[in-house]
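Have a look at the structure below, then the notes.
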Amino acid sequence: MGSPVIAIALADFQDRVRRYSFLITFLFSIFLGYGAGNGAVAMRVSNSRGLYSPAWIGTSVALIAGCFISLAGYYVVKNSVERDRATGVGQILAASPMSRITYACGKWISNMAVLLTQLGVLAVGAVVMFWLAGEEPHVNLWQLLSPFLLLAAPMLALTAACAAAFEMLPGLRGGFGNVTWFFLFTFLVSLPAVTKVAQIDPMGFQTVMNSLKPAAQRAIPDYSESFSLGINDASLKVVPGLRWQGIAWLVVAQLAAPLAVARGPLLAIAWIWPVLIWSAMVVREVRYGTRHLIACSPHSLWHQFPSCWL
Amino acid sequence: MHLTVEGLGKKYRTDFWGLQDFSLETGPGVLGLLGPNGAGKSTLMRILATVTRATAGRMLWDGADTGRAPDGLRAVLGYLPQDFGVYPNLNAIEFLEYLAAVKGLRNPRRRIDELLDLVNLTDAARRPLGGYSGGMRQRVGIAQALLNDPQLLIVDEPTAGLDPEERLRFRNLLSELAGNRIVILSTHIVSDIEAVASRIAIMKAGHLLACDTPEGLLRSVARRVWEVLVPSGELRALRDRFLVSSTAHRVDGVHARVIAAESPEFSAVNVEPTLEDAYLWALQ
């Protein structure tokens, strides 16, 4: 436990995962994973579903997980700063040399670790459910698990950050913060339906819809671009021709940073950024009083450069 | 190492000062803070520990203003707050490892083992803290305050919840620690301070009433402490007229210890003062 950020995150995480409340949410995650995997809670297009390909199951479970863990998980993790205040541990922390930003980052990482653990359970559940469904013989782990990494995890990182930030902002500490999160979450979920813009889509709904659309149009003649996520009944029709290969993440990355943007500002930043490293190299040694140690080392600049860059 | 406090004040509400115009200087040794509940001891401790900002005045650690740059002091500070809690699902080793990392210590395991041994918790070190008794938690608190081998150790009511044996052990520990560091010990139990403090500051209602060596405080009540024998029925009347520090019921009546500038009555016998007498006299 070297870094204070990691120390805070680890201690907080260990304390929380050993509580009964975590066990309950953990078990509920398994139950939800089962429901998402067997199609009871899943995504559908035009009242149908595609074959249970790795991408379909992975994306379906990841979207459900992103929604559920994001909404409910916020209330699970939003108490760690309050606990430090209530127990008096906060006084000891306040008297330590640790900075506020270190404390905030530690709490954020701890919140994220708790939420990602639950997401991890659902990801494992998705793999199991894929095998049990048996609609496709071969598993593509990237297609199955990438939605967890690239759709659900960023949303959970945002949730974890909001939980930590709300606890540290005086007006949002209590019940008002809880209500605010509910409305903020609803707003974030409904954003893509309103804007139809993939870049403004924290849950990734629009990205999934855009990716599913060509496959759905080919497989379902009267496809009306309807897409939903929720509880399904037994009457849900399976479309054998709808075998979705998943989201092409390279395309999504290009959408997020279009070529024109990449060529313009990003390229300029990429050119300027190393200057900050070069300029910091000598300044840092003066600041910390290590210049004599560095200067008397053999090939000091040559050795220092890669370490600074990394 | 030197701690200077100049005119410290803490205003809680528009008209209430929890601490007012508090000044003192101290070097290595144990400074005992004595005062009744509400005297402002914990407020002062929190300001000294850089947890709370003072409304007025300043504090200097080796000449540096801690209000402007608290991290210089925090790196060499050990603090045990009065109301101190733990993470109930961590064990003592995990909790101390956590706080060691927060304090920026590298490879603290050996130090943690030493401290757990020092506070007599080695056998319980791997049990969750939630199952610890109040005294055991207090000992974990003492261990965490000593993690970084602090130059300034601030302990607020440290013996609360400790059994007599542990209390004695802690007093001895403080005496050993005080040789090369500043220890500020706050309590309302005079015997705790009497055993270890090289200087004693007495506080009341947010003000510093006296700050002196134990001998100096004892001198302030020399020839002012009397033992008076009264029938038990007259004890109340005696209390109404004089400051009575203690009483003992015996077969011949009540032997009352009275603190007064003049002899309270003809039969009164002048006796040796104690620190408790000096404390009560200062509070009066």
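By convention in this document, chain letters (A, B, ...) are assigned in the order of the sequence lines, proteins followed by strands, and residues within each chain are numbered from 1. Please read these numbers as outputs of a predicted model, since none were measured by experiment.
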Practice task
Identify the residues of residues 117-149 of chain B whose heavy atoms come closer than 4.5 Å to a heavy atom of chain A, ordered by number, or report 'none'.
Solution key: B:Gln144
Practice task
Tell me, yes or no, whether the heavy-atom count around A:Trp181 atom CH2, taken from other residues, nucleotides or ligands under 6.0 Å, exceeds 12.
Solution key: yes
Practice task
Could you tell me which portion of A:Arg83 (side chain, backbone, both or neither) has an atom closer than 4.5 angstrom to a non-hydrogen atom of chain B?
Solution key: side chain
Handout entry: Whether over 12 other heavy atoms sit under 6.0 Å from A:Phe182 CZ
Key = no
Handout entry: Proximal to chain A - members of residues 31-67 of chain B, heavy-atom separation under 4.5 Å
Key = B:Arg46, B:Ala49, B:Thr50, B:Val51
Handout entry: Among the listed options A:Ala94, A:Gly106, A:Gly90, the residue most often paired with chain B at heavy-atom distances under 4.5 Å
Key = A:Ala94
Exercise for the section: Using the side-chain contact (heavy atoms from CB on, under 4.5 Å) rule, take A:Tyr103 and B:Val102 through it: C-alpha gap first, then chi angles, then the decisive distance, then the call. Expected result: CA-CA 9 Å; A:Tyr103 181 73; B:Val102 164; over 6 Å; no
Handout entry: Closest approach of A:Ser96 to B:Lys103 (non-hydrogen atoms, all atoms of both residues)
Key = CB-CG, 4.3 Å
Practice task
Give, for atom CG of A:Leu10 and atom CD of B:Glu97, the distance between the pair rounded to the nearest 0.5 Å.
Solution key: 9.0 Å
Practice task
Tell me, for B:Leu90 versus chain A, whether the close heavy atoms (under 4.5 Å) come from the side chain, the backbone, both or neither.
Solution key: both
Practice task
Please indicate whether A:Leu169 has more than 12 foreign heavy atoms, meaning atoms of other residues, nucleotides or ligands, lying under 6.0 Å from its CG.
Solution key: yes
Exercise for the section: Would you indicate whether B:Asn107, at its atom CG, is surrounded by more than 12 heavy atoms from other residues, nucleotides or ligands within a distance under 6.0 Å? Expected result: no
Fill in the blank from the handout: Closest non-hydrogen contact found for B:Ala101 with A:Ala7 is CB-CB, 3.1 Å
Fill in the blank from the handout: Distance col, row A:Phe13:CZ vs B:Asn89:CG, nearest 0.5 angstrom, shows 12.5 Å
Fill in the blank from the handout: Whatever's closer than 4.5 Å to a heavy atom in chain A on B:Leu99 counts as side chain
Practice task
Verify side-chain contact (heavy atoms from CB on, under 4.5 Å) between A:Thr87 and B:Val86, making sure each step is shown before the conclusion.
Solution key: CA-CA 6 Å; A:Thr87 59; B:Val86 292; over 6 Å; no
Practice task
Could you walk me through whether B:Tyr87 and A:Asp84 pass side-chain contact (heavy atoms from CB on, under 4.5 Å), step by step?
Solution key: CA-CA 9 Å; B:Tyr87 291 170; A:Asp84 279 350; 2.4 Å; yes
Handout entry: Beyond-backbone contact of A:Leu93 with B:Tyr98, side-chain heavy atoms, under 4.5 angstrom
Key = yes
Completion exercise
The reported gap from CD in A:Gln91 to CG in B:Asp156 (rounded to nearest 0.5 angstrom) is 8.5 Å
Problem - B:Phe95 vs A:Val89, side-chain contact (heavy atoms from CB on, under 4.5 Å): CA-CA, chis, key distance, verdict - result: CA-CA 10 Å; B:Phe95 187 64; A:Val89 174; 4.2 Å; yes
